[in-house]
Protein chains: 2
Amino acid sequence: MPDTTADKQRSMLNEARCQTCSLSSLCLPLALEFPDMDQFDAIIRRRTPLKKGEALFLQDVPFTSLYAVRSGSLKQVTTEGCGEDQLTNFYLPSELVGLDGIDEARYPGSVIALETTTVCEIPFDRLDSLSQEIPELRGQLFRTMSKELRDDRRMMRLLSRKTADQRLASFLVSLSERFRRRGYSPYSFRLSMSRADIGNYLGLAVETVSRILNRFQRQTLVAVSGREVHILDLDSLSRVADEQGVDSPCAH
Amino acid sequence: MPDTTADKQRSMLNEARCQTCSLSSLCLPLALEFPDMDQFDAIIRRRTPLKKGEALFLQDVPFTSLYAVRSGSLKQVTTEGCGEDQLTNFYLPSELVGLDGIDEARYPGSVIALETTTVCEIPFDRLDSLSQEIPELRGQLFRTMSKELRDDRRMMRLLSRKTADQRLASFLVSLSERFRRRGYSPYSFRLSMSRADIGNYLGLAVETVSRILNRFQRQTLVAVSGREVHILDLDSLSRVADEQGVDSPCAH
DNA sequence: ATTCCTGGTTGATCGAGATCAAGTAATGAT
DNA sequence: ATCATTACTTGATCTCGATCAACCAGGAAT
């Protein structure tokens, strides 16, 4: 029996089904048993890879689907009024894109690939119906949104209370943590985003990002070469990330 | 038949059931028809009013319920590590408190009444079950969380790009908007929070809040007397809230 | 009425980080 | 290989808002 082109394409992607996907323990279906996972798998649409710079969707386009990142990475950018863009999030494999579009039925920001990136498209109406039948799926969806709320609050804290040093350190530690959870090295990784992206995300000027990375390097906290990062002292870096003023030693 | 004390208490609250609650068009059950609303109403627990300064719940306490604000207002405060508190949200009537606690099964911040405040307790496990049977309820829950995500992103933009003036203006305009939606005057209202709370929330020092409110007053944008606010020129205030640098006239 | 205390205002100074400016390295197109 | 463009770095200056300090106003307690 000859393969259809769809079969071919599917077989080319090395993890074309949730059941065999290496991310399944981190992704939406993480709480599902096999029969349920089949159902979930059935509503997913695999998309052809995005090239660097391509948009997954543009701001204000009608909301239809969530997207789970399969490989690569993306950034979310919101252009408000006439102002400068605001980069509100980076997305790594297994993370869910588009949750903030449900309410107004359009995406509140554009989501752009930072490198070659593949995603699974999850039509939201199908997901909603399925979440009626599968309580574990519904629960996971609630938890995912709830976690994103928590992360947002942490980001607010970073933006309103932390110094530039603390922001950069937090950013690196957080990336390290996310890579670790995904099975990559928490100590060596490549930044898929530019310094400008980092600055925009952290509320800092590019120059400041550059300078502080440089200083971290001189302090042998990290070794940075272009976008290649080696974390040399994760403990100290974490300490920098949420140190108080030098005068308040935290524990009393 | 003599009233039970529970009956008495219920009758004392002028809007003791969702069906007759004046907030029902803004609150969670807004999408529900009558039979469904009865079911929803049945899982709600009314709580005795909180006095000013009392906690609805404390940080890190196990998550059990969401709370819908019925009257009054609250603030959410997160104490991270040894650092200063971060005020991450104010809650007004009809708004839903506690969504960020679902994921980790405990509340990520304390929620404190800013004045005498009444809330409806919604046990989350009951709500989850009910959302299985009532798709409209489930949808409303998703939308509510999604909206909160969007609002958070707006807050990040405020914290990372806006000047102190823009922050204060945004804050006042946003409050005005929220009061309007709830049927109160968008031009005259009383701040239930202190200057310190406002500063903490907006990432500004108390002194800055005070100074800028004063300047807005001199510019006849508002009239402020203690916590009493009269908005005199909402249009200009909105323009201040998201103006660009004076040099970029936005439309080209 | 007096004291205390918290919340708010006003003034003076200082510093972290933005902005401006210039230069260098990397990337991609012809 | 050459040029053009974008990404990144480094230095000098300036500014917004924090911080420090003093003071004022209104409630609550005595």
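A note on names: the letters A, B, ... follow the listed sequences, proteins ahead of strands, and every chain is numbered from 1.
Between the CG atom of B:L202 and the P atom of D:dC16 there is a distance of 19 Å, given to the nearest Å. Counting to the nearest Å, the P atom of D:dG17 and the CG atom of B:L158 are 12 Å from each other. Computed from coordinates, the A:D197 CG to D:dC8 C1' distance equals 13 Å when rounded to whole Å. Summarising the geometry, the separation between CG on A:L191 and P on D:dA7 is reported as 15 Å, rounded to the nearest angstrom. Residue A:I198 contributes atom CD1, which lies 12 Å from atom C1' of D:dA7 at whole-angstrom precision. Between B:N200 atom CG and D:dT19 atom P the separation is 12 Å, expressed in whole Å.
Under the 4.0 Å criterion applied to side-chain N and carboxylate O atoms, A:D60 and A:R106 are assigned as salt-bridge partners.
Between the side chain of A:R167 and the backbone N or O of A:L159, at least one donor-acceptor pair lies under 3.5 Å. Between the side chain of B:S146 and the backbone N or O of A:D103 there is at least one donor-acceptor pair closer than 3.5 Å.
Look at A:N214 and you'll find a side-chain N or O under 4.0 angstrom from OP1 or OP2 of D:dT10.
Paired with A:E121 under the rule salt bridge (charged side-chain N to carboxylate O under 4.0 Å, His left out), one option of A:R46, A:R70, A:R45 passes, and it is A:R45. The salt bridge (charged side-chain N to carboxylate O under 4.0 Å, His left out) test with B:E95 is passed by exactly one of B:K147, B:K75, B:R178: B:R178.
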Full working for side chain to side chain donor-acceptor pair (under 3.5 Å) between A:Y107 and A:Q59: CA-CA 5 Å; A:Y107 298 102; A:Q59 183 168 352; over 6 Å; no
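Note: B:F189 and B:Y184 fail the aromatic proximity criterion, with ring centroids not under 6.0 Å apart.
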A correct 5'-to-3' footprint of nucleotides 15-30 of chain C, with B, S and - meaning base, sugar-phosphate only and no protein heavy atom under 4.0 Å, is --SSBB----------
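Annotation: proximity of residues 216-233 of chain A to DNA chain C (heavy atom, distance under 4.0 Å) is found for no residue.
Taking a 6.0 Å sphere around CZ of A:R227, one finds it holds more than 12 heavy atoms contributed by other residues, nucleotides or ligands.
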